[in-house]
2 protein chains.
Amino acid sequence: MSNEKTFNVAVVGATGAVGEQIIRLLDERNFPIKELKFLSSPRSAGTKIRFKDRDITVEAATPDSFKGVDIALFSAGGDVSKELAPIAAAGGTICIDNTNAFRMDPQTPLVVPEVNIEEVHKHKGIIANPNCSTIQMVAALKPLYDRFGISKIIVSTYQAVSGAGSKAIDEMLRQSREALAGNPVNPDILPVGSLPVKHQIAFNAIPQIDKFLDNGFTNEEMKMINETKKIMNDESLEVTATCVRIPVVYGHSESVYVELKEDFELEEVRSLLADAPGIVLVDNPQEQQYPLATEATGKLETFVGRVRRDLHNKRALNLWIVSDNLLKGAAWNAVQIAEYFAQNK
Amino acid sequence: MSNEKTFNVAVVGATGAVGEQIIRLLDERNFPIKELKFLSSPRSAGTKIRFKDRDITVEAATPDSFKGVDIALFSAGGDVSKELAPIAAAGGTICIDNTNAFRMDPQTPLVVPEVNIEEVHKHKGIIANPNCSTIQMVAALKPLYDRFGISKIIVSTYQAVSGAGSKAIDEMLRQSREALAGNPVNPDILPVGSLPVKHQIAFNAIPQIDKFLDNGFTNEEMKMINETKKIMNDESLEVTATCVRIPVVYGHSESVYVELKEDFELEEVRSLLADAPGIVLVDNPQEQQYPLATEATGKLETFVGRVRRDLHNKRALNLWIVSDNLLKGAAWNAVQIAEYFAQNK
């Protein structure tokens, strides 16, 4: 970034899996920082985190932490955001919130920069980062939405355990070792840490991410449905989601069926995707090239492949969309928004 | 089974993953056997396999192997079936073929007993067993098809490595150990043994099962599409499939969106599924109960859950369907057909 201005930045949830990636991205991309503050729960306060040539001591986040802070990136859980982001925002801090706390609040823009960056200008101090599984899907579908319109999306996800936090990664790896050794597998966290029933994730597929609602869908599925409509600013868009956790560490994959509003040529779809910002088309079936979670790990882009015309509905097509859920799905999307502010302030 | 008659039975491919399960089922279910013959490639001939209180030596399968055989169960690959099943059938043997060789042959019934057992009477010596991913889906959808009609199915699969044979299981477990030890992972077989490009399956999701066709779908996906139409005897049925291999040992899971031809009550759908032969409804979201691959392993039934009304199309619903791909998806479906013959001969 080339920018004369510098900013006071705070990372809330600095010791978490997403916070760690946010800090790495601020460093690697040379974000124009004047002062940098790492905040966390009182439990993690005192930890030192390296940033460029210095160690920064993590402080417990309090309502007073945000004085003089220009931009705060929140990823410490919905409760922390609900408590502290409004206070920070009232004091003039731009809060980029990676939790579910404000996503569906009509006052809060829900932003994927490739899709609706202009929404940030409507902010009242808080901008919400969408759910990981939503971000990569809308980023990939946006060029098709703009060119043809979209009437219907049916998505089934293949989601990595890192989406449930670093303890879920540890659990999946531990269970894998137990199963490979022929020992009993002891589920402890997944599918949902706060719910009583636990299921094995190693060598399994769990069709539950987050809690169930009365309509039979999970919160995660409803996030994909509602957030997609909000980000695309289209209440008429029909979205159906089935969200499934699989034994992958990083990288969510999505099988997506899309009905467009107009006829299309497959070659135009491919070239729209290939030219879209933040999208990499990996689609050469004859060479067995398609997006893979292991290959998307650590990358900032969203990868799209298996692009094919539906055999029955001439306005429908099928896609396979993969991205690193901690990066484009969380930290990178938040840092992208922060960079936009820095460049346009 | 209570039956006075006994039969001369041959298992072709007796040393393979599916053959092993066929033999176990013939034993456990006390199939009315007069003489039992285990056949294989010349390479595996000479192996001894225990059956009840005796060891049976595996013989190399030749055109002469089928003299006097009443029922032969083939699972030794498409080439073996293509060569030997027509010869056996011409000699009066009922051939139940678990390979892809005759599935789409108009002369050959393609049978899932819960769906279309009456088709077996049209046989000309060969009855085909459908593809594993198709069987569990049509078994679960049949009661809904009969009651409401079905216009459209969109399925995304989560398929176990055992579907690619026991070497693929070994590879997935070996890669898992390599990755857990922090060592490089060396893909050797998957996604398709006979193709040049290999991908890591451990901690990954590979959106390729079998070879690609020019329309961008894989053979596996086209099997689901074409076999479903043939088994349901409905060319107007619209099926779209995305088939994905995931690091699970046994048990295919499927996320299925279905459009019915009539309005429905969700409670009737649930009771139709609960009462359907071969189907177990596991659907209690509030208790976090839904089908899981690890729990379906070793079971003969097809498990259905996550039954929920679509939020947009009042005639659509979503399901999660799981079954042991080596049992209902292969060996058990074949033995069910053999039992029907034994009971109706």
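A, B, ... follow the sequence lines: proteins, then strands. Residue 1 opens every chain.
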* Asked: Taking all non-hydrogen atoms of both residues, which atom of A/Leu180 and which atom of B/Ser176 are closest, and how far apart?
  -> CD1-CB, 3.9 Å
* At their closest point, which heavy atom of A/Leu237 faces which heavy atom of B/His312, and how far apart are they? -> O-CE1, 4.1 Å
* **Max heavy-atom pair count under 4.5 Å with chain B, selected residue of A/Pro207, A/Ser156, A/Pro291** => A/Pro207
* Asked: Which heavy atom in A/Ala205 sits nearest to a heavy atom in B/Ser253, and how many Å separate them?
  -> CB-OG, 4.3 Å
* Based on non-hydrogen pairs under 4.5 Å, which of A/Glu295, A/Met172, A/Arg177 is most in contact with chain B? -> A/Arg177
* Asked: Should the pair A/Tyr290 and B/Phe212 be assigned to parallel (<30°), tilted (30 to 60°) or perpendicular (>60°) ring geometry?
  -> tilted
* Select all residues of residues 220-227 of chain A having any heavy atom within less than 4.5 Å of some heavy atom of chain B, and report them by number, or 'none'. => A/Glu221, A/Met222, A/Ile225
* Results of side-chain contact (heavy atoms from CB on, under 4.5 Å) for A/Glu287 - residues two or more places apart only -> A/Asn284, A/Gln289
* **Option that, when pairs with chain B are counted at under 4.5 Å, heavy atom only, ranks first among A/Leu195, A/Asp214, A/Asn215, A/Asp283** => A/Leu195
* Measuring from A/Asn204:CG to B/Leu292:CG, what's the distance to the nearest 0.5 Å? -> 5.0 Å
* chain B: which of A/Leu173, A/Leu311, A/Val249 shares the most heavy-atom pairs with it under 4.5 Å? -> A/Leu311
* Structure fact -> One option among B/Gly305, B/Ala293, B/Ala160, B/Pro285 has the most heavy-atom pairs under 4.5 Å with chain A, and it is B/Pro285
* Contacting region of A/Thr297 [heavy-atom separation from chain B under 4.5 Å] -> neither
* State, with a plain yes or no, whether a side-chain heavy atom of B/Gln288 is found less than 4.5 Å away from one of A/Pro196. => yes
* Contact origin within A/Thr157 toward chain B - heavy atom pairs under 4.5 Å -> backbone
* Asked: How about B/Phe148: does its CZ atom have over 12 heavy atoms from other parts shown lying under 6.0 Å from it?
  -> yes
* Does A/Lys211 NZ have over 12 foreign heavy atoms under 6.0 Å away? -> no
* Asked: Of all of B/Asp310, B/Val244, B/Thr218, B/Ile206, which one pairs up most often with chain A through heavy atoms under 4.5 Å apart?
  -> B/Val244
* Measure A/Glu238 against the heavy atoms of chain B and call it side chain, backbone, both or neither at under 4.5 Å. => both
* To do: May I have the step-by-step check of side chain to side chain donor-acceptor pair (under 3.5 Å) for A/Arg308 and B/Thr242, ending in yes or no?
  => CA-CA 11 Å; A/Arg308 60 205 196 279; B/Thr242 300; 2.7 Å; yes
* Of the backbone (N, CA, C, O) and the side chain (C-beta and beyond), which part of A/Ile154 lies under 4.5 Å from a heavy atom of chain B, both, or neither? -> side chain
* Between A/Ile246 and chain B, which part of the residue has a heavy atom less than 4.5 Å away: side chain, backbone, both or neither? -> side chain
* Output the option from A/Pro191, A/Gly216, A/Ala179 having the highest count of non-hydrogen pairs under 4.5 Å with chain B. => A/Gly216
* Close approach to chain A in residues 255-267 of chain B, criterion heavy atom under 4.5 Å -> B/Ser255, B/Tyr257, B/Glu259
* With a 4.5 angstrom heavy-atom cut-off, could you sort out which part of B/Lys152 is near chain A: side chain, backbone, both or neither? => side chain
* Please determine, among A/Val161, A/Val248, A/Val197, the option with the most heavy-atom pairs under 4.5 Å with chain B. => A/Val197
* So which bits of residues 314-327 of chain A come within less than 4.5 Å of chain B, counting non-hydrogen atoms only? -> A/Asn318, A/Trp320
* Check B/Phe217 against A/Arg306 and note the closest heavy-atom contact, atom names and distance. => CA-NH2, 3.8 Å
* What residue in B/Val239, B/Leu213, B/Val192 has the most heavy-atom pairs under 4.5 Å with chain A? -> B/Val239
* Asked: Which answer fits A/Ala296, side chain, backbone, both or neither, if we ask what part of it has an atom under 4.5 Å from a heavy atom of chain B?
  -> neither
